[in-house]
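The model shown is predicted, which means the values in this text are computed figures rather than measured ones.
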Amino acid sequence: MDDVHESELPTVYHADVAEWAVALGGGVAPRLFALVREVLGEGDAVVDEVVAYGIVLPDGSAATVPLSGRGFGRWLTPESASRRMVSDLVWLSPVP
């Protein structure tokens, strides 16, 4: 087996396919977020650690992947992921 773990084809963005995929997913595009931990700096909180990156699925549930890439989490909501992982929720993509 060759040790190729990624596609050899370049990624191509197709706007028409993206719209079709969103429509099939219930008309709502997935929304990205990060779970972070903060420490108090000089009067302000400063992000000290990114715990995981996540995606909100069209049904409102969420999936997270830690930075190590090992394992993943499935959650009822991004807020429940944040509570369970003792972290703050930071939205990376705008409200659809």
Side-chain angles (χ1 to χ4, degrees):
M1 192 171 200
D2 62 8
D3 288 331
V4 175
H5 299 287
E6 59 187 52
S7 173
E8 295 176 5
L9 299 174
T11 301
V12 178
Y13 177 74
H14 298 281
D16 54 335
V17 174
E19 291 176 14
W20 172 78
V22 169
L24 281 178
V28 179
R31 192 170 176 205
L32 303 177
F33 64 91
L35 298 177
V36 302
R37 292 197 181 116
E38 297 178 338
V39 294
L40 287 177
E42 305 253 339
D44 292 326
V46 177
V47 172
D48 181 52
E49 174 187 12
V50 175
V51 178
Y53 288 106
I55 185 169
V56 182
L57 303 172
D59 68 356
S61 67
T64 57
V65 177
L67 266 78
S68 68
R70 296 190 173 127
F72 66 94
R74 282 287 309 212
W75 313 92
L76 293 175
T77 65
E79 292 80 11
S80 64
S82 174
R83 283 191 304 274
R84 295 291 302 254
M85 296 183 79
V86 190
S87 58
D88 295 309
L89 177 63
V90 176
W91 292 105
L92 301 177
S93 54
V95 176

Single-linkage hydrophobic cluster [X]~[Y], side-chain heavy atoms < 4.5 angstrom:
X: W91; Y: V51; result: yes
X: L76; Y: M85; result: no
X: W75; Y: Y53; result: no
X: V90; Y: V56; result: no

inquiry  = Would you compute the distance between atom CG of D59 and atom OG1 of T77 and round it to the nearest 0.5 angstrom?
reply    =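 These two atoms lie 11.0 Å from each other.
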
ask   = If you round to the nearest 0.5 Å, how far is CZ of R83 from CG of L89?
value =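 CZ of R83 is found 10.5 Å from CG of L89.
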
task = Indicate the atoms forming the closest heavy-atom contact of P78 with A62, along with that distance.
result =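 The pair with the smallest heavy-atom distance is N-CB, 3.8 Å.
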
Nearest non-hydrogen partners of R74 and S61, listed with the distance =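 Residues R74 and S61, closest heavy atoms: NH2-OG, 3.4 Å.
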
query = Is L67 atom CG crowded by more than 12 heavy atoms from other residues, nucleotides or ligands, each under 6.0 Å away?
reply =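 Buried by this count: over 12 neighbours within 6.0 Å.
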
message = Other residues, nucleotides and ligands only: do more than 12 of their heavy atoms fall within 6.0 Å of CZ on R37?
response =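 Counting neighbours around CZ of R37, more than 12 heavy atoms of other residues, nucleotides or ligands fall under 6.0 Å, so yes.
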
inquiry  = I'd like to check F72 versus V65 (side-chain heavy atoms, cut-off strictly below 4.5 Å). Are they in contact?
reply    =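 Sidechains of V65 and F72: in contact.
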
Main-chain N/O of S87 paired to S82 side chain as donor or acceptor, under 3.5 Å =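 Confirmed, S82 side chain pairs with S87 backbone.
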
query = Is there a donor-acceptor pair closer than 3.5 Å between any side-chain N or O of T64 and the backbone N or O of G54?
reply =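 Not at all, since once roles are kept as given, no pair shorter than 3.5 Å links the two residues.
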
